[in-house]
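To start, the structure under review is shown below, and the notes come after it.
Sequence positions, counted from 1, serve as the residue numbers for this chain.
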Amino acid sequence: MKSITVTGWLLAALCMLPPALQAQTAREVRKQAEASMLVTGTIDIQPDGSVSGHALDAADKLPAYVVDLVRRAVPALRFEPVLADGQPVVARAKMSLRLVARPGDEGNMVVGIRSAHFGEEDLLSTDQVRPLKLPPPLYPEAALQVGGKGTAYVLIQGGRDGKVIDAVVEQVTLRVAGPEREMESLRRQLTEASLRAARRWTFLPPTTGDHIDDPHWSVRVPVDYALHGERNVEDVPGQWVGYVPGPRQRASWITKDDVSGSPDAVAGGGIYPAHSRFKLLTPLGG
C-alpha cells in the first residue's frame, strides 16, 4: 500500500500523545509515537473487483497530502467480485480508512493506510441489527487517574431474542503513550469495563432483508473512553490523534470469513455488521 512522507509537523503529531503516565522514558515514547486519522467516504467497485472511483467525506477539511494519498492508493485496491443473484455487479460501498503517521528520517512523518472497513451504503434500518439498550461502561477509576484514553472495539455475538450470547474485545487502541507495563494495565482495564457493560446490552435483530432468519448475528461496537468534557476528536475531519494499538484477539465463535475489515477502522458511536460482502484482496499497511 502506498505511503507518503510529510515534513514539518512531527512535533505537532507527537503532541497528540500526552505524557499522562508516570516513569516514561524518551525511548519508550518514541517507540510508540504514532498518530492516526480516520477518513471516510464511498468507493465504487466494478464487476471484476477493480475500483472505478471514490469520494471522500468533508474532503475540503482534510489535509491536501491525505487527499492525495487516498487518491493514489484507492484505485489500486482490488476486491472479490460482488455478487447479486450469483452474478458479478457494480457496487458502491461505504469506506472507512485508518491512516497512520509514524516517525521517519530527519524529523519527517511517514503516512500510510493501516486498515480499512467497507460496508453497505444503503440498507433499511430493519435489515440491520439495531441497539435497544446499550448502557455505557463505567470509566475505570485507575485509568481515569492517569488520564488513560482510548477505544475498545467490542465484537458481539447475539441471538434472535436480541440478547448477547458472547462478547470479546478484539483490540484496544490507546491515545496516550507510556511504559509497556502501564499500557498493558490500561488495555486490561478498558477491556474488562467494556465486557462488563456489553453483557448487559440488548439489540433488535433484523426483521427484514437477507438475514431475517439467521439464528445468530455479530456486530462490532467501538467504545470510546475520553476524559470528562472532551469531544471525540475523530468526529472532527482532518484531526490527528494519538495511536497506540494493542494486540488483536479473535473470538472463539468465528472463522476467518465470519468477520470483515479491521476493528480499528470503524468510528466510535456506531454499530457495524461484522460481516460484509465487500472483501478486500489487496494487502494494507503503510
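Partners of A251 by side-chain contact (heavy atoms from CB on, under 4.5 Å), not counting sequence neighbours, listed by chain and number: L155, V168, W253, I254.
A donor-acceptor contact closer than 3.5 angstrom links the side chains of Y225 and S194. With hydrogens and angles left out, the side-chain atoms of S262 and D264 include no donor and acceptor closer than 3.5 Å.
Residues A265 and A116 share a closest heavy-atom pair of CB-C, 3.5 Å. A pairwise comparison of heavy atoms in W217 and G159 identifies NE1-O, 2.8 Å as the closest pair. Across every non-hydrogen atom of V51 and L77, the tightest pair is CG2-O, 3.5 Å. Nearest approach of I156 to A198, heavy atoms of both residues: CD1-CB, 3.8 Å. The heavy-atom pair separating D210 from D214 by the smallest distance is O-OD1, 4.4 Å. Contact record, P137 with A193: CB-O, 3.4 Å, taken as the closest heavy-atom pair.
Listed for the Y272 side chain is a donor-acceptor partner under 3.5 Å among the backbone atoms of A267. No side-chain donor-acceptor contact under 3.5 Å links R114 to the backbone of A101. At distances below 3.5 Å, not a single donor-acceptor pair connects side-chain atoms of T151 with backbone N or O atoms of T173.
V89 and F278 fall within the same hydrophobic cluster, defined by Ile, Leu, Val, Met, Phe, Trp and Tyr side-chain heavy atoms under 4.5 Å apart, directly or through other members.
Across D166, V219, V164, a single residue satisfies side chain to side chain contact (heavy atoms under 4.5 Å, CB included) together with Q157, and that is D166. For the side-chain hydrogen bond (donor to acceptor under 3.5 Å, both in side chains) test with E170, the passing option among Q249, R220, R248 is R220; the others fail.
D60 CG: more than 12 foreign heavy atoms inside a 6.0 Å radius.
Here the straight-line distance linking atom OG1 of T40 with atom CE of M95 works out to 8.0 Å at 0.5 Å rounding. With rounding to the nearest 0.5 angstrom, the CZ atom of R187 is 7.0 Å from the CD atom of E184. L144 contributes atom CG, which lies 11.5 Å from atom NZ of K149 (distance to the nearest 0.5 angstrom). In this structure, CE on M183 lies 5.5 Å from CG on L174, to the nearest 0.5 angstrom. The distance from the CG atom of L97 to the CG atom of L56 is 7.5 Å, given to the nearest 0.5 Å. Taking CG from L281 and CZ from R78, the interatomic distance works out to 10.0 Å, rounded to the nearest 0.5 Å.
Residue pairs satisfying the side chain to side chain donor-acceptor pair (under 3.5 Å) criterion with at least one member in residues 125-135, sequence neighbours excluded, are listed as follows: T126-T208, D127-T208.
For the pair V146 and V176, the minimum side-chain heavy-atom distance is 4.5 Å or more. Residues L132 and W201 form no side-chain contact, since every pair of their non-hydrogen atoms from C-beta on lies 4.5 Å or further apart. Side-chain contact check for E141 versus Q189: every heavy-atom pair is 4.5 Å or farther apart. No side-chain heavy atom of F118 sits less than 4.5 Å from a side-chain heavy atom of K279. When side chains are defined from C-beta on, Q46 counts as touching V90, because their heavy atoms get closer than 4.5 Å. Considering only heavy atoms from C-beta on, P140 stays 4.5 Å or farther from E192 through its side chain. With a 4.5 Å cut-off on side-chain heavy atoms, S50 and I45 do not count as touching. Considering only heavy atoms from C-beta on, V129 stays 4.5 Å or farther from P273 through its side chain.
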